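A short worksheet on the structure shown next.
Order of listing sets the numbers, starting from 1, for every ligand and every atom in it. For clarity, every value in this text was computed on a predicted model and none was experimentally measured.
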Amino acid sequence: MILLTPGPTPVPENIRNAMATPTLHHRTPEFEEIFKSARDLTKDLMKMDEILFLASSGTGAMEACVTNLCKKKCLVVNSGKFGERFGQIAKAFNKEAVILEHSWDVPVCSEDLKVILKEESDIDSIFMQGCESSGGLRHPVEEIAKEIKKYNKDIMVVVDGITTVGVEKMDTTHIDALITGSQKALMLPPGLAIIGLSNRATLQIEDNCCGYYFDLSKELKNQKKNTTAYTAATTLITGLEAILKQIFEFGLEDFYKVTKKRHKAITKAVKEIGLSIYPTSPALAMVTVSHERSDEIRKILKKKFKVNVAGGQNHLKGNIFRINNMGFVEGYELSWALNAVEMALDELGERKFDGTANKVFTEVFCK
Ligand SMILES: *Cc1c(COP(=O)(O)O)cnc(C)c1O
């Protein structure tokens with residue numbers, strides 16, 4: 001089966017092997033060396049002042065940011081399931097949350113947020129997605145962060161970058177916390193969450209300790225010394241060091257360039273066979289196709305062609321399918337997958353098969 005869902009993504013064989021070494025004890029110089037190396041590489045990737053690793057899925061890092069960086073009241077952009085989740089976390093911890101309910105296919109703009117900030121002057125933090133994976137929508141978080149800081153530099157700007165980090169170059173200058181997870185662009189098994197922090201965020205965390213497992217002040221103190229408050233996810237951190245070394249050897253800029261080119265090629269291929277793209281501002285992490293027979297298409301892809309792509313949720317259930325573009329996705333896998341999409345459309349009587357999708361993809365991606 002070809003796994004082409006926008007997370008989890010396949011783990012390359014050499015990385016699986018790198019994680020197959022005997023378990024190291026986490027309180028040893030041997031592991032601390034790996035930890036330090038993974039930490040330095042992650043800092044280079046995320047371009048943030050400080051980095052924290054947490055043994056949890058991405059949602060753990062989302063929760064940690066809400067509990068540690070929202071003092072009392074936050075503003076949450078909800079343009080999909082993951083934005084909705086920030087609101088649910090805030091509620092679970094009795095934080096006041098102003099929710100900006102937004103369409104799933106159009107990016108939010110800084111003006112929308114500033115209107116709310118002016119009305120609710122006690123908002124101390126903002127939570128939003130770089131890419132809202134529910135619809136594959138890219139929000140202009142860099143520009144929004146810049147505008148928010150211009151408006152009030154004390155407002156903490158938290159970006160869930162789980163499907164943005166490692167996908168494209170981000171300007172993190174005005175972002176206070178940037179979240180990512182192991183199972184998306186970093187091509188690792190699930191279970192490791194990462195938070196990049198600005199100096200301003202670390203200061204707030206240090207004088208505002210809270211929670212227990214996700215007390216980030218405790219983690220900061222330990223991780224600066226290349227260890228963790230509790231048992232580290234040693235295997236995943238070993239895998240993280242290996243994949244980041246591989247990405248940097250490949251060249252980070254080149255890695256982003258290939259990702260962008262592949263996105264262009266997939267997009268052109270699906271458009272050429274008459275399909276349309278769901279969001280007005282598509283994120284590079286995936287290609288989201290809107291089609292009212294998406295579930296039938298996905299079923300054929302899986303059964304007949306052994307290709308696994310993701311569907312949609314809520315009002316998008318059955319109306320979209322999402323093809324992953326994160327990580328080292330092989331061109332030959334996409335050739336096959338796009339060919340399969342075209343065959344599925346033929347089988348459903350939507351369009352006669354003539355090999356256009358694969359042809360267009362190959363021309364754009366390989367030339
Ligand atoms: C995958 C994803 C998450 C994290 O979900 P977990 O299942 O907890 O790892 C959070 N935000 C976005 C935008 C995602 O795509």
Side-chain angles (χ1 to χ4, degrees), residues 3-11 46 52-67 69 74 76-90 92 99-100 102-105 107-108 126-142 144 157-168 170 175 177-196 213-214 233 236-237 239-240 259 263 278-279 281-288 308-314 316 320-327 329:
L3 182 63
L4 272 177
T5 54
T9 58
V11 183
M46 293 178 91
L52 288 179
F53 297 140
L54 299 171
S56 77
S57 85
T59 304
M62 293 170 74
E63 178 172 318
C65 284
V66 171
T67 53
L69 293 171
C74 59
V76 171
V77 176
N78 176 357
S79 62
K81 295 302 279 183
F82 295 105
E84 179 185 49
R85 189 170 300 176
F86 269 135
Q88 289 166 342
I89 295 168
I99 314 286
L100 173 59
H102 204 269
S103 58
W104 288 26
D105 58 343
V108 74
I126 291 182
F127 294 82
M128 58 191 164
Q129 270 62 37
C131 159
E132 172 51 79
S133 312
S134 307
L137 172 68
R138 179 69 154 92
H139 288 295
V141 284
E142 294 94 332
I144 291 173
V157 177
V158 179
V159 173
D160 165 3
I162 298 187
T163 47
T164 345
V165 173
V167 176
E168 56 178 300
M170 294 181 78
I175 296 172
L178 182 62
I179 299 166
T180 195
S182 52
Q183 80 275 26
K184 308 270 170 93
L186 296 173
M187 298 169 262
L188 296 170
L192 183 71
I194 305 171
I195 309 175
Y213 186 67
F214 289 138
L236 289 168
I237 288 168
L240 179 65
T259 301
H263 188 269
Y278 174 70
S281 167
L284 298 179
M286 65 198 77
V287 174
T288 306
N308 190 358
V309 299
Q313 289 167 290
N314 288 24
L316 295 183
I320 57 164
F321 62 94
R322 295 172 295 153
I323 305 169
N324 174 51
N325 186 41
M326 290 178 283
V329 189

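A distance-only check finds a donor-acceptor pair linking the side chain of Asn78 to the backbone of Gly80 [under 3.5 Å]. A donor-acceptor distance shorter than 3.5 angstrom exists from the side chain of Thr5 to the backbone of Pro8, with no hydrogens or angles considered. Of the possible donor and acceptor atoms, none in the side chain of Arg138 sits under 3.5 Å from a partner among the backbone N and O of Ala285. When atom types are taken as modelled, the side chain of Asn324 and the backbone of Met326 share a donor-acceptor pair closer than 3.5 angstrom.
The 4.0 Å heavy-atom shell around ligand 1 contains residues Ser57, Gly58, Thr59, Met62, Phe82, Arg85, Gln129, Cys131, Ser133, Asp160, Ile162, Thr163, Gln183, Lys184, ordered by chain and number.
Legend: residues meeting side-chain contact (heavy atoms from CB on, under 4.5 Å) with Glu132, ordered by chain and number and at least two apart, are Ser79, Phe82, Gln129, Ser134, His139.
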* To do: Using the side-chain contact (heavy atoms from CB on, under 4.5 Å) rule, take Leu137 and Ser281 through it: C-alpha gap first, then chi angles, then the decisive distance, then the call.
  => CA-CA 6 Å; Leu137 172 68; Ser281 167; 4.2 Å; yes
